[in-house]
Amino acid sequence: MDLIAEILSKLGFDWKLALMNLINVGIIFFLLKKYLFGVVSKKIEERREIIQRGVENATEAQTKLEMASVTAREIIDDAKKQANGIVAQAVKDSASLAESMRLKAVADVEALVTQAKQTIASEKGRMKEEIYRETADLVLLALQKVLGEQIDSKKDKKIVSDVLARLSE
Amino acid sequence: MAEIHIPGLAPDVLFKIGSIPITNTMINVWLALLIFLVIGILIRKRISLRPGKLQNGFEYVLELLLPYFDQVTEDRKKTMRFLPVVGTIFFFILLSNWLGLMPGTGSVTLDHATVLRPANTDLNLTIAMALFSVLISHIFAFFSVGVFTHLGKFVQIANVFKSFKDGPIAIFRAMIEFGVGLLEIVSEVAKILSLSLRLFGNVFAGEVLLSVMTALVSAVIPGPFMLLELLVGLIQAAVFAMLTLVYLTVASHEPHTAEHGAH
């Protein structure tokens with residue numbers, strides 16, 4: 001041990017200086033720990049966590065996107081099925097509606113024709129009566145002129161009836 | 001040719017504060033401390049998740065070093081735990097060595113004593129750093145494996161008492177382990193000596209070489225030697241830091257007991 005101490009002494013070792021230097025090294029350690037390594041390694045760790053979270057979120061988002069794609073595909077398939085059903089139903093309904101409208105139109109036309117026939121028949125009867133009456137008046141007037149006498153009700157009726165009978169033949 | 005001034009082994013005492021001598025190497029240490037303080041304050045003040053130039057540069061250097069540290073510790077958490085100690089040693093030795101190449105070092109004098117001298121050409125500093133390195137490895141070991149478990153690595157007396165029940169072979173093995181424990185104590189002292197003398201020897205030799213070359217030819221020729229010293233400064237810083245990391249890693253491992261060894 002003495003030999004080591006002697007050699008160290010020859011190399012310039014002085015325990016007071018060594019102690020001072022140890023204190024200096026301690027101060028530098030404290031300084032670097034507090035101002036550099038502590039804060040910087042904390043920031044590096046924070047950044048690493050943020051990046052890690054970002055990667056995890058991206059992976060999660062990718063998984064969700066894939067799941068959403070599958071769900072969307074399923075929804076589209078369902079919608080297509082529903083659309084096909086709706087179209088088929090619409091075709092069916094439209095055919096049924098068209099048939100019912102056609103039947104109604106036929107019924108309406110028939111009703112119109114019937115009504116028109118009734119009107120024509122009624123008009124025809126009324127016109128016949130009008131013609132009879134006009135003709136009777138005319139014949140009466142002509143007869144009066146021909147006979148030169150007033151025709152009473154009894155004669156009138158007889159003449160008119162005779163004329164009409166002849167006309168209708 | 002200028003007079004060749006070979007620096008002495010001991011640093012020059014510039015003045016005294018009370019009974020404490022202040023040497024020219026200590027001025028270099030304070031200079032390094034001041035530089036670290038300024039860099040530290042600047043980085044701490046502007047620390048951000050999106051780093052500025054200075055923080056980015058420091059983080060870049062750290063990111064270069066951390067994989068090397070990981071190779072020793074095999075665990076990033078341990079690396080980050082040891083980083084302040086190992087990083088301090090690395091950057092301090094590196095800066096001290098490179099400050100020794102600064103103009104004025106070895107040439108500016110005060111009362112015939114050079115004001116600036118490379119800090120690691122002072123054995124007192126290298127011993128202090130080696131002591132710091134070894135002591136802090138033991139402090140880490142106390143926290144990692146417990147005080148008694150760690151001390152048990154050096155004084156394995158308990159195994160000797162236990163071995164009396166297990167017969168002569170166990171006693172023989174316990175005695176060998178006891179002897180190995182004592183050798184471990186010697187190796188701790190050897191660590192301090194090897195760390196301090198290696199750094200001191202290399203840096204002091206470099207300083208002597210530069211002094212001689214500068215005295216022989218003051219321009220151009222010392223250039224390559226200065227570049228060599230830049231490299232030596234880096235290598236010595238790396239060697240000291242990596243050895244400290246090895247000591248820290250080994251010290252924080254659980255000791256292998258006889259039962260573990262049997263498995």
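Each chain gets a letter, A, B and so on, in the order its sequence line appears, and its residues count up from 1.
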Given heavy-atom pairs under 4.5 angstrom as the criterion, report whether the side chain, backbone, both or neither of [X] touches chain A.
| X | value |
| --- | --- |
| B:Ser48 | backbone |
| B:Leu66 | neither |
| B:Phe204 | neither |
| B:Leu49 | both |
| B:Phe36 | both |
| B:Leu33 | both |
| B:Phe58 | side chain |
| B:Leu62 | side chain |

For the candidates [options], which exhibits the highest count of non-hydrogen atom pairs separated by less than 4.5 Å from chain A?
| options | value |
| --- | --- |
| B:Thr23, B:Ile39, B:Ile136, B:Leu37 | B:Leu37 |
| B:Ile22, B:Leu135, B:Ile127, B:Val189 | B:Ile127 |
| B:Leu131, B:Thr126, B:Val85 | B:Val85 |

Heavy-atom pair of closest approach, residues [X] and [Y]:
| X | Y | result |
| --- | --- | --- |
| B:Thr88 | A:Leu32 | CA-CD1, 3.6 Å |
| A:Lys33 | B:Pro84 | CG-CB, 3.8 Å |
| B:Pro11 | A:Leu17 | CG-CD1, 4.5 Å |
| B:Arg44 | A:Lys34 | NH1-O, 2.8 Å |

**Study point:** Contacting region of A:Lys43 [heavy-atom separation from chain B under 4.5 Å]
**Key:** both
Over 12 foreign heavy atoms within 6.0 Å of [atom1], [X]:
| X | atom1 | value |
| --- | --- | --- |
| B:Arg46 | CZ | no |
| A:Phe30 | CZ | no |
| A:Gln115 | CD | no |

Point to revise | Polar side-chain atom of A:Asn21 near backbone of B:Met129 as donor-acceptor pair, under 3.5 Å | key: no
Report the option among [options] that has the most heavy-atom pairs separated by less than 4.5 Å from atoms of chain B.
| options | value |
| --- | --- |
| A:Ala18, A:Gly26, A:Gly12 | A:Ala18 |
| A:Phe13, A:Phe29, A:Trp15 | A:Phe29 |
| A:Leu8, A:Ile28, A:Asp14 | A:Ile28 |
| A:Asn24, A:Leu19, A:Ile50, A:Ile27 | A:Asn24 |

Review point. Run the side chain to side chain contact (heavy atoms under 4.5 Å, CB included) check on B:Glu59 and A:Arg47 step by step: do they pass?
Key: CA-CA 12 Å; B:Glu59 284 187 17; A:Arg47 195 182 300 124; 2.7 Å; yes
Check your understanding: Step by step, would you call A:Tyr35 with B:Ile41 a side chain to side chain contact (heavy atoms under 4.5 Å, CB included)?
Key -> CA-CA 6 Å; A:Tyr35 286 94; B:Ile41 288 172; 4.0 Å; yes
Check your understanding: Run the side chain to side chain contact (heavy atoms under 4.5 Å, CB included) check on A:Met20 and B:Asn124 step by step: do they pass?
Key -> CA-CA 9 Å; A:Met20 272 295 289; B:Asn124 298 302; over 6 Å; no
